[in-house]
Number of protein chains: 2
Amino acid sequence: MNQKKIHIALVDDHSLFRSGIANLLREFNDIKVVFEAANGKELQEILTEKKEVDVILMDINMPLIDGYLATSWVKKRYPKIHVLALSMFDDDIAVIKMLKAGAGGYILKESKPQELYRAINEIKEKGIYLNELVSGKMLKDFQKSKSLLIKENLLSEREIEFIKLCVSELTYKEIAEAMNLAPKSVHNYREHLFLRLKLRSRVGLVMFAIKNKLVDID
Amino acid sequence: MNQKKIHIALVDDHSLFRSGIANLLREFNDIKVVFEAANGKELQEILTEKKEVDVILMDINMPLIDGYLATSWVKKRYPKIHVLALSMFDDDIAVIKMLKAGAGGYILKESKPQELYRAINEIKEKGIYLNELVSGKMLKDFQKSKSLLIKENLLSEREIEFIKLCVSELTYKEIAEAMNLAPKSVHNYREHLFLRLKLRSRVGLVMFAIKNKLVDID
DNA sequence: ACAAAAAAAGGTAAAAATACCTTTTTTCAA
DNA sequence: TTGAAAAAAGGTATTTTTACCTTTTTTTGT
């Protein structure tokens, strides 16, 4: 067993829940809860004073500063501190957002104490704790499919070709050349798409293309 | 045990490797290799004829049509067929690209037969097989950090604010209002950034912002 | 308190993007 | 084969973007 205990911070707006967790963690003698905070704001205040924390157990829905913002804030300033998201809900978007914000894992509040304990240890050791809940959702997010517009062929091949070319620094004149069209024809494509997609600028079209996975920009 | 065997297709440009795998899979009597292909092109040809495949074991580096394209093609036309990427290399980008293309899992060619067998079964049952290799890389990709430009404060707060506003359909005039600046000042920001980032259009700036995770566009 | 640097604002002109139309050509289904 | 629809091309005008400058104001380090 390690000499040093794992230092935990609890961030959750329900004091009763915090107490419950703190009490539960007291069972494990290599874990020590060093402080609690009722929300992200409070966490920020405390963290600027006390920094000897290894893992923060972070709720998501909290007043003032929520779990996403708090996690981003923590990871930016104290990258060595690990964050384990602890949430009531098995919600796809919440999981993805917390991971993107920098959380190393995500477990449900209804998990068994043993899973929490294991998660804390893995996060402390490897920085990440990935269960099936999380990795499945990550893959889903990776593979999230194109929008209906695309799937149902509401855009022609040629329109898609045009849109892809728009996601670049080419001018429309250059796009026309690339498509072997007169500049005027390219303007037809643009206007037609602007009308149908309710856009008012090329940047809008670019954002549409990226959102709908017509292009991959990485 | 299931009545029906799991139907496997092997796609790899090394015939010897295919034979090896085929031979190995013969050990498992709930698995049947229904055909082999030397590359994505060949797979496409065979697949338009024979469709009774459950899982395709797909190599990545192949001539004519590689594993990424072949996987996209398969998942678009036959979404029920699962793809398990089978690669020589533990390469971050390759893993991510295969998963984004639609693969349900990724294992190394140096894996033990038992892992391959387990992967095939899980893919067949759940559509996904995620080992630590893969889920770790997914998280890394999620959390991949901002570029040095951003990290090292080579962009001012105000510049970042400006860039974020550029990722929208606002005109520069409107951006100026939003930033409480004269239109001319906004043009200074633009020109300064264009110069430093070697850009020639706002779309370029938008792509820069997305690539560097200044904005999240989903 | 001062010089230097950065931010904000302005001038002018050209190129590109946007809007709103019409006409010609091609495609394709009835 | 014909006629309706879609694609391609053109006309014209306005707004926006881009480029290349200068000047004024504010910030900042010393």
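Just so we're on the same page: letters track the sequence lines, and every chain starts at 1. Hydrogens, waters and symmetry mates are skipped; everything else that's a heavy atom, side chains included, is used.
- For the pair Lys109(B) and Phe17(B), the distance from NZ or CZ to the six-membered ring centre is under 6.0 Å and the angle to the ring normal is within 45 degrees.
- We find that CG of Leu193(A) is positioned 14 Å from C1' of dT18(C), with the value rounded to whole Å.
- As rounded to whole Å, 10 Å separates atom C1' of dT16(D) from atom CZ of Arg202(B).
- The shortest distance between the side-chain N/O atoms of Tyr172(B) and the OP1/OP2 oxygens of dT15(D) is not below 4.0 Å.
- The minimum heavy-atom distance linking Phe89(A) with Tyr106(A) is given by the pair O-OH, 2.8 Å.
- Within 4.0 Å of Arg190(B), counting heavy atoms only, lies at least one base atom of the nucleic acid.
- Contact annotation: the side chain of Ser72(A) never approaches that of Tyr68(A) to less than 4.5 Å [non-hydrogen atoms, C-beta and beyond].
- Out of dT18(D), dT18(C), dC21(D), the shortest distance to the side chain of His187(A) is found at dT18(C).
- Taking the side chain of Phe194(A) as heavy atoms from C-beta on, and the options dA19(D), dT17(D), dA19(C), the nearest nucleotide is dA19(C).
- In this entry the distance linking CG of Asn180(B) with C1' of dA7(C) reads 15 Å, nearest Å.
- If Leu181(B) and Arg200(B) are placed on DNA chain C by their nearest nucleotide, the residue sitting closer to the 5' end is Leu181(B).
- Distances were taken from every side-chain heavy atom of Glu191(B) (C-beta onward) to each of dC21(D), dA19(D), dT16(D); the shortest belongs to dA19(D).
- You'll find the side chain of Lys140(A) stays beyond 4.5 Å of the side chain of Ile96(A), heavy atoms only.
- Comparing dT18(D), dC20(C), dA9(C) against the side chain of Ala182(B) picks out dA9(C) as the nearest.
- One interatomic measurement links the two molecules: CG of Asn188(A) to C1' of dT18(C), which rounds to 13 Å at whole-angstrom precision.
- When distances are taken from the side chain of Lys184(A) to each of dG10(D), dA9(C), dA17(C), the shortest belongs to dG10(D).
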